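Quick note: residue numbers are just sequence positions, from 1. Small disclaimer: the values here were computed from a predicted structure and weren't measured. Only this structure's heavy atoms are used, side chains among them; waters, hydrogens and symmetry mates stay out.
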Amino acid sequence: VALSSEQCHTVTVQGQSLFYRRAEPAQAVPRLTVLLLHGIRFSSETWLQVGTLATLAENGYRAVAIDLPGLGRSKDAVAPAPVGQPAPAAFLKAVSEALDLGPAVVISPSLSGMYSLPCLFQHSQLFKAYVPVAPICTEKFTAEQYAQIKTPTLIVYGDQDVELGQTSLNNLQHLPEHQVLMLQGAGHACYLDKPNEWHHGLLAFLQQLK
């Protein structure tokens, strides 16, 4: 399903222009808003190509996929300071406010963990639910810190992702409200290797959210 050009936009966040795509459900009121982040070699176009934007919209969800600073069509924007500083968390909060997302389900693969994890700990009210897909930076937080977070979480990884998949699972499983979706035969970008299983597992998780 191709998104029409009207659904590609830019938004100004912290003085920088960011590109994003939006897919709306046919019915008037979306069930939930889903914010899609991406890894270092990818962009919002990945979610267009793999069909996640269309799948979410067809199932009644509003899907918003951004190009992170310095990547995709947001190449001219500069990434905030690294983890440990408030910048990445503040950036994601600013994205949420600029796009008027309200509490959203945040899907966060790989590199985007540098934004989503600090934001989860500092602004958990922005997260309706969290879907980390083998994100980086999970080791920067303690089991005790994870145990404080009550956000419903779907931990996703491919069983062939021997590095980040296992590391992220080991750390994220300290989140008390978590489920695990392991994609058989899939690598680090497991949603690309097994798109049907990814969409099936994601929709099943979203349907449980109140």
message = If you apply the rule side-chain contact (heavy atoms from CB on, under 4.5 Å), what do you find for L206 with L56, and how did you get there?
response = CA-CA 10 Å; L206 293 178; L56 287 167; 3.5 Å; yes
message = I'd like to know whether I136 forms a side-chain contact (heavy atoms from CB on, under 4.5 Å) with M114, so could you lay out the CA-CA distance, the side-chain angles of the two residues, the decisive distance to 0.1 Å, and finally the verdict.
response = CA-CA 6 Å; I136 66 170; M114 68 173 277; 4.2 Å; yes
request  = Check step by step if side-chain contact (heavy atoms from CB on, under 4.5 Å) holds for V64 and R21.
outcome  = CA-CA 6 Å; V64 179; R21 299 168 198 271; over 6 Å; no
task = Please lay out, stage by stage, how L35 and I107 fare under the test side-chain contact (heavy atoms from CB on, under 4.5 Å).
result = CA-CA 6 Å; L35 174 64; I107 296 178; over 6 Å; no
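Distance OG/S124 to CD1/I149: 5.0 Å, rounded to 0.5 Å. Annotation: the span from Y130 atom OH to I155 atom CD1 amounts to 9.5 Å, rounded to 0.5 Å. Rounding to the nearest 0.5 angstrom, the gap separating the OG atom in S112 from the CG atom in L68 is 6.5 Å. Atom CG of L53 sits about 11.0 Å away from atom CD of E24, to the nearest 0.5 Å. In this structure, CG on L154 lies 11.0 Å from CG on L172, to the nearest 0.5 angstrom. The structure places CG of L183 at 8.5 Å from CG of D159, a figure rounded to the nearest 0.5 Å.
Around atom NE2 of H200, no more than 12 heavy atoms belonging to other residues, nucleotides or ligands sit under 6.0 Å away. By the 6.0 Å contact criterion, CD on Q208 is enclosed, its count of non-hydrogen atoms from other residues, nucleotides or ligands being greater than 12. Residue-environment remark: CG (L209) exceeds the threshold of 12 foreign heavy atoms within 6.0 Å.
With sequence neighbours excluded, no residue forms a side-chain hydrogen bond (donor to acceptor under 3.5 Å, both in side chains) with K128.
Checking H199 against T52 by side-chain atom types alone, a donor-acceptor pair falls below 3.5 Å. Side-chain contact, Q49 with E45: a donor N or O sits under 3.5 Å from an acceptor N or O.
Shortest non-hydrogen contact noted between T10 and F19 is CG2-CA, 4.2 Å. Shown here for R31 and Y61, the closest heavy-atom pair between the two residues is NH1-OH, 3.1 Å. Smallest separation of non-hydrogen atoms from S116 and V106: CB-CG1, 4.4 Å. Here the closest heavy-atom approach between residue F91 and residue L18 is recorded as CZ-CD1, 3.5 Å. When all heavy atoms of A65 and W47 are compared, the closest pair comes out as CB-CD1, 4.1 Å. When all heavy atoms of A63 and L36 are compared, the pair lying nearest together is CB-CD1, 4.1 Å.
The backbone N or O of G165 lies less than 3.5 Å from a partner atom in the side chain of S168, making a donor-acceptor pair. The main-chain N or O of G51 is found under 3.5 Å from a side-chain atom of T55 such that the two form a donor-acceptor pair. At least one donor-acceptor pair closer than 3.5 Å links the side chain of N171 to the backbone N or O of T167. T12 contributes no side-chain N or O that, together with a main-chain N or O of G15, makes up a donor-acceptor pair within less than 3.5 Å. A donor-acceptor pair under 3.5 Å links the side-chain atoms of Q145 to the main chain of T142, judged by distance alone.
Using a 4.5 Å heavy-atom threshold, the side chains of L37 and L92 count as touching. Considering only heavy atoms from C-beta on, L120 stays 4.5 Å or farther from Y115 through its side chain. Inter-residue side-chain proximity for I66 and S44 is flagged as unmet; no heavy-atom pair is nearer than 4.5 Å.
Applying the side-chain hydrogen bond (donor to acceptor under 3.5 Å, both in side chains) rule to pairs touching residues 182-196 yields S110-H188, D161-H188, sequence neighbours excluded.
Residues V162 and M182 fall into different hydrophobic clusters, defined by Ile, Leu, Val, Met, Phe, Trp and Tyr side chains chained together at heavy-atom separations under 4.5 Å. A continuous path of hydrophobic side-chain contacts links L203 to V133 [ILVMFWY only; heavy atoms under 4.5 Å].
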